[in-house]
Structures are given as structure tokens and as C-alpha cells.
Protein chains: 4
Amino acid sequence: MGAVKNKRMPRAVREQQMLDAAVRTFGQRGYRAASMDEIAELAGVSKPLVYLYLNSKEDLFTACIRREAEALTTAVREGVNPELPADRQLWEGLRAFFTHTARNPDAWAVLHLQARTHGEPFAAEVAAMREEMVAFVTGLILVAAREARRDPSLPEREVAGLAEALVGAAEALAAWANTTPGLTARQAAATLMNFAWSGLGNLMDGHPWTPPADTAPA
Amino acid sequence: MGAVKNKRMPRAVREQQMLDAAVRTFGQRGYRAASMDEIAELAGVSKPLVYLYLNSKEDLFTACIRREAEALTTAVREGVNPELPADRQLWEGLRAFFTHTARNPDAWAVLHLQARTHGEPFAAEVAAMREEMVAFVTGLILVAAREARRDPSLPEREVAGLAEALVGAAEALAAWANTTPGLTARQAAATLMNFAWSGLGNLMDGHPWTPPADTAPA
Amino acid sequence: MGAVKNKRMPRAVREQQMLDAAVRTFGQRGYRAASMDEIAELAGVSKPLVYLYLNSKEDLFTACIRREAEALTTAVREGVNPELPADRQLWEGLRAFFTHTARNPDAWAVLHLQARTHGEPFAAEVAAMREEMVAFVTGLILVAAREARRDPSLPEREVAGLAEALVGAAEALAAWANTTPGLTARQAAATLMNFAWSGLGNLMDGHPWTPPADTAPA
Amino acid sequence: MGAVKNKRMPRAVREQQMLDAAVRTFGQRGYRAASMDEIAELAGVSKPLVYLYLNSKEDLFTACIRREAEALTTAVREGVNPELPADRQLWEGLRAFFTHTARNPDAWAVLHLQARTHGEPFAAEVAAMREEMVAFVTGLILVAAREARRDPSLPEREVAGLAEALVGAAEALAAWANTTPGLTARQAAATLMNFAWSGLGNLMDGHPWTPPADTAPA
DNA sequence: TATGAATGAGCATTCATTCAT
DNA sequence: CATGAATGAATGCTCATTCAT
């Protein structure tokens, strides 16, 4: 376990080894519980070298978040064919998302749990990634609305909320899929498409669910 | 800020003060970053008294989780009128959920972020609460299917997945609502009802979204 | 276990219960590891009452030492008939000593181990008791010498050393007897009499063991 | 006093400095009363370094016991010429013992008082050393019996008891010698030889002290 | 006579971080 | 490029002791 202790390798390679070790440790132990000692040892490197390359624990954590956020968005982007209709694009994006998170559970734990739990600077880092995904979904919703040429006047905040909800549901299903044995990325994606797209379709047909008039204010 | 430093109060009262301080501190700083010193000070009490009443940091955290999980499920349960049809019950439950989480942001941070991020024992504690909510939603979906007397044969795992997705979406919207100024619990609930219930309705009409035949394996 | 929690009992009785609990706790846990909480609980009393009656942990420990030292010396004194010849007196004293220590292992642990290990004031307390025993033995040696009317001019320091050695041997045998199953006080006393008295007799016959002339200084 | 604060020395050296400081502190204050802070300061090192090298207070204490037990047994072993007759061997062993304990009073306090007073794991450590010494003495007694070709049939437990008594007497005399000014190791050894060897000789001549028939049971 | 409530002070332990080589 | 040696600063936890009743 851990990288083979090869001496004298180029900086770029060493850095990736360190990030690998860090992602694994942060993902399993959590940000605070992970010690630089453990990370250095798992990377097969002395602690000062970690500091030489990555400056501080905060910087190291940030570097992990950036690398893994980039990897996830790239995986989703590359999984989607932008020529296809909106529902197919969403389907492909979800499949890529569930596949990637299932294959990189520690990375997903870092992004979904640890980064959001340990203070502003880290949370902001994932928030950026999340916004990219929400924007992607928002775009698809608007495209779908245009394709259907019906009711193009969905209020902006409403669309934003729908996208938020969809991304949140996807995140929840990723965790659910990771802990439910025998559940494939494909099945998770299908469940979510059923849940969301059908609802959205109905919605855009002009038949939204109507909240009842209220007596007691919330 | 902080409780008035009244000396000599009965144990039950002090304990609640301590839990208040702990929820606030854990919610804002995180489990590891919160120090028992800070919690004690915020509670207006000396550290030994916290230990005398709550034994350890772990026990204190667990007590926080339990109290807030109980408070949240109670709020939702009491917000729902079980005589109403399924869609109205879900609507009321969501409203109660968004209202409670908006009013107790630290408690929600403890339940949604901190408890899930810091190890099995705590995660298990919230998992129980989550399962109660998922079960509640699952029940509503089945009732709705029966009420519609259509396609009563939804596969069990499918329903479970839908419920997971709905709860996940609700959790995401709770965070979104907490950070979007001027967004009411009512609006958040309506967005989610639109998103989900319309989709479910469509689904149960026998028009699910159909995944395309695949070429590349996932 | 522990005293029955009878309310409102006279001070003298309560004090003895506290000392019982303290001796047991100090003997088993050691002075520092024993907590006033544990002692109070074992005595079936609240902590402030222990302080009211016995002032402080130090005073409580000192009271234990005094009570048990007194009990041990009394047991030895009452076991010895001063009319008998010296060897019979020593035999009886040793039997009483081994019997008492075997019956009160916690008390013996307090006197022999704990009191000597935790600082001057306590060590001084047992030293007094020890000196009484050494004096008793010294007296017997001198009486024996007079009875034998031989070589009455044993140098004082020599006699003191012999008495120290005998008491030390007795203490070691007490520990040994306490941990060797099936070894009676009588057997322990016989072993020591054999060892010591025969040696002393020989010595006083004018046949001491002669140290060889030395080349290397110590 | 205390090591000169030379920075950057090899681990093995620092470890010995730490053990020196620990033996001194444990010997004078006792195990519980000794604080890691004090030990670190006396060693001229920061506390974390002590933990880095010696893991914990328990491990540090155990390391002290091991080192000093080894040093004492080595001193005795090297002080004895196994070619000599039994009485000479005992004489030399005792001289080495008293010399070593007089020169290393803190180490002797650690072994004789502290280690036996603070729980099983430590007591077991010294018990091993003590057994080695008892075995050494037991061997000498048996050799002496064979050399004298008299009464070779001493019962095993009897011999064990005699050896225990002799070692106990030696331990008592070591403490006595340490607190009696002007008393040399040589004198202490001579006193004990007189006490013990003469007694043993007598015993093996077939003139043991005979316990009187008993009326009252013990 | 007796106690529930409360604390100041200290202690073992850990960790991120740096220097000298 | 790489590391063994070293530390300042916290942090969780415990304990003897006291006050108000």
C-alpha cells in the first residue's frame, strides 16, 4: 500500500502522489482528523517535502478540492454530447456523474462532505464547482423549455430552484448508490431521470402542482 | 449574548443551556474545531461542569444530534395532518421542514453537515432520522399510487430511490434557501412540490422517462 | 458492597466508614489514583461530608495510616506475652504480624507501599511505626544476648542493622505470603525464625561470618 | 545540573538524557506526581520530543524500569566471581548490590518503591528482576548445602522462603543504608552476611529453631 | 447532620510547522 | 531533491476543593 518509495522523482509526479495520499486520507479521516504525518507516510515522503511542495495543510486541502472538482466536472463534460437534445444530455451527464463518484469515493467524500464542513474557504471552492453544475442543468432546462416552445416564461428563480433541487437529488443519490450494493450508476441515473424529467415535463406543459391557499403563515 | 450567568440553577436547565451552546458552536465551527472551552464559556459555565453533566465531547455531540433530530422530526410530524391526501401531506411536511431548518440553521448544520462528516457513531444517529423521513415520503408515494389506482406495481427499490431523491432535494433546497435572501419556506416547498409531485404524477400515469439503449457500458 | 446508606448516624461511626472506604481505595488504587469521589461513594456519603470530617485528602490519608499503624502494632503487642523468653516473644510477634497483614491486605498495602511512596509526611508516619517494631526487635536481641550471658558488647549500630534486616525480611515475607497460596502465617513465621534466630544464635556464640580482606574498595 | 542544552543531537543520546531525567523525576516525585513537563524540562527538551521518542508516560516509565533493572542486575552479576565458594559469591553480590543502590538512589526508588506501587504492568517488570535475584540466592543456598554435604534435603518452599527473606532483608538494608550517614556498602553487606549466613549455617548443621507446640490457632 | 452545584488549576497528549543538514 | 530533529500552542479531560442551602 502507498507509493513505492522511489527516490528522486520529478516534482510533478511527487505532487500527484501527495495529492493521492491526501485525498485518500482526507476522504476517510476528515480534514481535521487527517494528520500531515499520516499523509506524508502514505505518500512515501518526509513531512518537510510535503510542506515544500504544498505549503500548508490548508493549501494541500485546497489543492485536493481543486483537483477533484476539476476531475469531476471534466468527467461530466466529457460524458455529454452537446449535439443531443436536452433530456439525452442530462441523462448522459448524470451517468457520468454517478460513474465518477462511484469510482472515486474518497474524492467524492472530500468534495461533498469534508469541503463543505470545514469553513468558508473550502466551501467556496466546491461552491464554484457546484454552480457550474447548476448552470449546466439550468441551461438544459431552458433549452428544453425552448424545444417544447411552451411557456418560455419560467421565472428565473424558479428555474434556479429546480436546478438546485436536481443537483441536490443527484448528490443524495450518489451517496445512496455508494452504500446500496448492486446499484449501478445507470440505475441511479434512470431513477433520477424518471423523478425529475417527468416532473419537469409536466410542469412545462402548464400543469404545475398548485399550492393550496394558506391560513397559517409560515 | 450567551446565557445570563445565573449561578446555582437546577441540572436540567443547565444541561439545556449547554446543549444550546454546543449546537451553536458545533454548527458554526465544526465538531473538531469546536473546543470544549468555547462551548463552556458560551454556556456561561466552567468546563468541568460540562463534563460532569455530559461526560465527554463525543457524548455531548451525540446529545446535540439526538435533541435536534428529535426536534426536527417532531416539527415535521406536528406540521402534517394525516387526514389529508398524500400531496397535501407532503406539502405540509416540506413547509414544516423548511421552516424549522431556516429557523435553526446551526442545528441544521449539525445534522446535515457535521454529524455525517465525523465518523460512524454520529452518522448512524442522523441516518436513523433520515430513514424516518424517507419512510414518511415512501409511504406518501405508495398512498398516492393507491389513490390514483394506477400502476400500483412500482418496484420497491424504485420507490426507495425516489424517496431518497426527494429527501436529498429537500436537503439541498434547505441549504439553498438558507443562503438565498428573501426566499421563504413556502417558496422552497412550492418549488420542490412542483419539481417532484408533477414528476411523480406523470410517472404514475404510465409515462416514465425512457432511458435510451446504450452503446458504451457504464 | 459499601456501607448501607443510613442517614444521620453519629460522627464517630461515619468517620470509621469513611476510613474503611479510604483504606480500601488507597490500598487498591494508590494514593494519587484514588479519587475523593470514589472514596465518598464507597463510604455511601457525599463528598463535602468527607471534607467536613477529614479536611483534605492528605489528612484523610494520614488518618488511614495512623489508624492502620496503630491496629498493626496493637495486634503485635497483644500477640506477645512479655513474660516469655526472647525467642518465644519474637515467634509470637511474627505470627501476629503475618496474621494481621494477611487479614488486612489493603491496610498493609497502604502502610508498606503507598505511605512510603508518596512523600515525606506520610513516610514519616510509617517510619514511626517501623521504629517501634525495630525497637521491639532490638530489645529482644539485647535480652537474648543477656540471657545467653555471652558477648553482651554487640556494637549498637550492628544490633540496629540486624533489627532492620529482620523487620525488612518480615515485610518481604508478608508480601510473599500474601501472594503464595496455601502459605500460612505460621509457616511464614517459622521460616523467618529459622533464618534469623539461628543466625543470631550463631552470631552470639562468637562465630560470626567473617568478611574477607578486600583488595578493591567499595 | 541537567544536560547542557545542545541542540540537534542523535536520537540515541537524547533518549538516554530523557531516561536520566525521567528516573530522577519519577524517583523523587513518584510516578503520578511526576509531570511530563518537568521531565522534559529537566532533560532540556520540549515535551513533544519526549512523546516522539518514548510514546507515553507509561512507556517512559516502563523504559526507566527496564533500564535500571538491567543496570542493577548487571552490576550484581559483574560483581560476582562464580568460581568462588557460595558464601564469597553472596558477599560479593551483596556488596555490588549495596554499592549500586547507594550510588543510584533515584533508580533504586523507582525500582523498589514506585514500580511496585503503581499497577500490574510495572510491578510485573520489577517482579522479573526480583525473581532473578531470588533465583541467584536460591542457587547459592543449594550450593552451600551441597558444599557442606549436610542435610541436602531442604524442602523447596523452605529454600524459596529463605531466599525471599534474604532479598527482602537486603532491600530493607539498602533503604536503611541510604538514610544512615556514614554507613558503607561494605558494612551493610557484612551485617547482612552475619545475620543470614550464620543462620543458614546453623540451620544446615541440623539445629533449626523449633516452633513451640501451639494452643491458639493462627 | 448533610448535599447538589460549581470551579481553578493542572496534566497527558497531539499537531501543524520549521530548521539545519 | 530530501530529511532527521525539534517545538509552540492547543485540546480533551480529571481532580481536590468549596459554596449555598
Side-chain angles (χ1 to χ4, degrees), chain A residues 5-11 14 32-40 44-60, chain B residues 5-11 13-15 32-40 44-60, chain C residues 5-11 13-14 32-40 44-53 55-60, chain D residues 5-11 13-15 32-40 44-60:
Chain A
K5 216 168 180 173
N6 276 337
K7 305 252 164 183
R8 306 265 154 188
M9 31 199 347
R11 170 162 183 158
R14 273 274 195 255
R32 304 275 307 209
S35 84
M36 296 298 273
D37 274 283
E38 190 178 359
I39 292 171
V45 187
S46 78
K47 233 186 325 174
L49 200 58
V50 179
Y51 278 89
L52 186 60
Y53 285 178
L54 288 144
N55 296 319
S56 73
K57 196 185 188 183
E58 289 206 0
D59 284 5
L60 173 57
Chain B
K5 216 166 178 175
N6 274 337
K7 303 261 165 177
R8 303 268 149 186
M9 30 211 320
R11 171 167 182 156
V13 178
R14 272 279 193 254
E15 264 186 28
R32 304 274 307 213
S35 85
M36 295 298 273
D37 275 286
E38 189 179 358
I39 292 171
V45 184
S46 76
K47 227 190 329 175
L49 202 59
V50 179
Y51 278 90
L52 188 61
Y53 286 176
L54 288 144
N55 296 319
S56 71
K57 195 183 189 184
E58 287 203 2
D59 283 7
L60 174 57
Chain C
K5 215 168 182 174
N6 275 337
K7 305 255 164 183
R8 308 265 152 188
M9 31 200 347
R11 170 160 185 160
V13 179
R14 272 274 196 256
R32 302 276 306 209
S35 83
M36 296 297 274
D37 274 283
E38 191 179 358
I39 292 170
V45 186
S46 77
K47 233 186 326 174
L49 200 59
V50 179
Y51 278 89
L52 186 62
Y53 284 179
N55 297 319
S56 72
K57 196 184 188 185
E58 289 205 0
D59 284 5
L60 173 56
Chain D
K5 216 168 180 174
N6 274 337
K7 303 261 165 174
R8 304 266 149 187
M9 28 210 325
R11 171 165 181 157
V13 178
R14 273 279 192 253
E15 265 186 26
R32 304 274 308 213
S35 85
M36 294 298 272
D37 274 285
E38 189 179 359
I39 292 170
V45 184
S46 76
K47 228 188 328 174
L49 202 59
V50 179
Y51 278 90
L52 188 62
Y53 286 175
L54 288 146
N55 297 318
S56 71
K57 196 183 188 183
E58 288 204 1
D59 283 6
L60 173 57

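Proteins come first, then strands; the chains are lettered A, B, ... in the order of their sequence lines, and each starts at number 1.
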Quick one: pull up [atom1] in [X] and [atom2] in [Y] and give me the separation to the nearest 0.5 Å.
X	Y	atom1	atom2	result
B:Y53	B:L60	OH	CG	14.5 Å
A:I39	A:K57	CD1	NZ	6.5 Å
B:E15	B:L52	CD	CG	9.5 Å
D:R8	D:R14	CZ	CZ	9.5 Å
B:R11	B:L49	CZ	CG	8.5 Å

Would you mind reading off the distance between [X] atom [atom1] and [N] atom [atom2], rounded to a whole angstrom?
X	N	atom1	atom2	answer
C:L49	F:dA16	CG	P	17 Å
A:D37	E:dT18	CG	C1'	14 Å
D:M36	F:dG8	CE	P	16 Å
B:M9	F:dT21	CE	C1'	17 Å
A:E38	E:dT14	CD	P	14 Å

Could you check whether the side chain of [X] and the base of [N] have a donor-acceptor pair of N or O atoms closer than 3.5 Å, going by distance alone?
X	N	answer
A:R14	F:dC1	no
D:R8	E:dC19	yes
A:K47	E:dT17	yes

Indicate, with a heavy-atom threshold strictly under 4.0 Å, whether [X] touches base, sugar-phosphate, or nothing.
X	result
C:A34	sugar-phosphate
B:A33	nothing
C:R11	nothing

Residues of residues 52-60 of chain D with a heavy atom under 4.0 Å from any atom of DNA chain E, listed by number, are D:S56, D:K57
Minimum heavy-atom distance C:S46-C:A40, with the two atoms named
C-CB, 4.2 Å
Walking DNA chain F from its 5' end, the first of C:S35 and D:P10 to be reached, judged by nearest nucleotide, is D:P10
Most 5' of A:P48 and D:Y51 on DNA chain E, judged by nearest nucleotide:
D:Y51
Could you let me know what E:dA2 is paired to, Watson-Crick or G-U wobble, both distances under 3.5 Å, or none if it's on its own?
F:dT21
